[in-house]
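Since the model is a prediction, treat every value here as computed from it, not as a measurement. Just the heavy atoms: all of them, side chains too, but no hydrogens, waters or symmetry mates, feed the values below.
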Amino acid sequence: QVQLVESGGGSVQAGGSLRLSCTGSRSISDWNSVGWFRQAPGQEREGVAEINISGIMTKYADSVKGRFTISQDNAKNAVYLQMNSLKPEDTAIYYCAVGWWQYEGPLKANHWGQGTQVTVSL
């Protein structure tokens, strides 16, 4: 049973934009936060952006601040990641995750999506 599904990835030129979507089953409401993580080949998975559904708080990695925006639509059970001014360094598989907000450190994820590829070329 798939609980989280990402979509919206693709290949773009540097400076372009993409919007990722994460849709979940009803069980997504059992946790208080949703986040986006990414993993490039040979690198560790890193947190990109998070949103706390209850508190309407957001958190971003320094590398994406001012370029990426996370948002939600609770009626649609969806979370989005708007990515602008994309750079080659943003190339990675992007994962949606559900878990608990941490005031220090990244979201403590309990469930993960399958990932969607984002490729940014020069």
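Through side-chain heavy atoms spaced under 4.5 Å, either directly or across other Ile, Leu, Val, Met, Phe, Trp or Tyr residues, I93 is tied to F37, Y95, L107, W112.
Interatomic distance, T116 OG1 to R38 CZ, rounded to the nearest 0.5 Å: 14.0 Å. For the atom pair OG of S33 and CE of M57, the computed distance is 6.5 Å after rounding to the nearest 0.5 Å. Here NZ of K108 is found 15.0 Å from CH2 of W101. Values are rounded to the nearest 0.5 Å.
Residues L20 and M83 meet the side-chain proximity criterion, which asks for heavy atoms closer than 4.5 Å. For the pair V12 and S17, the minimum side-chain heavy-atom distance is 4.5 Å or more. Two residues are said to be in side-chain contact when any heavy atoms from C-beta on lie closer than 4.5 Å; Q13 and L86 fail this criterion.
Scanning both residues, T91 and Q117, for their nearest heavy atoms gives CG2-NE2, 4.1 Å. For A78 against T23, the heavy-atom pair with the smallest separation is CB-CG2, 4.1 Å. When all heavy atoms are compared, the tightest approach of L4 to C22 is CD2-SG, 4.0 Å. When all heavy atoms are compared, the tightest approach of A109 to A97 is CB-CB, 3.7 Å.
No continuous path of hydrophobic side-chain contacts links W31 to Y80 [ILVMFWY only; heavy atoms under 4.5 Å].
Checking side-chain atoms of K59 against main-chain N and O of G105 turns up a donor-acceptor pair under 3.5 Å. Between the side chain of N77 and the backbone N or O of G24, at least one donor-acceptor pair lies under 3.5 Å.
The salt bridge (Lys or Arg N to Asp or Glu O under 4.0 Å) check on R67 picks up D90, with sequence neighbours excluded. Under the side chain to side chain contact (heavy atoms under 4.5 Å, CB included) criterion, T58 pairs with I51, Y60, I70, sequence neighbours left out.
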Any chance you could lay out the side-chain contact (heavy atoms from CB on, under 4.5 Å) test for E6 and C96, step after step, and finish with the verdict?
-> CA-CA 6 Å; E6 304 96 333; C96 180; 3.6 Å; yes

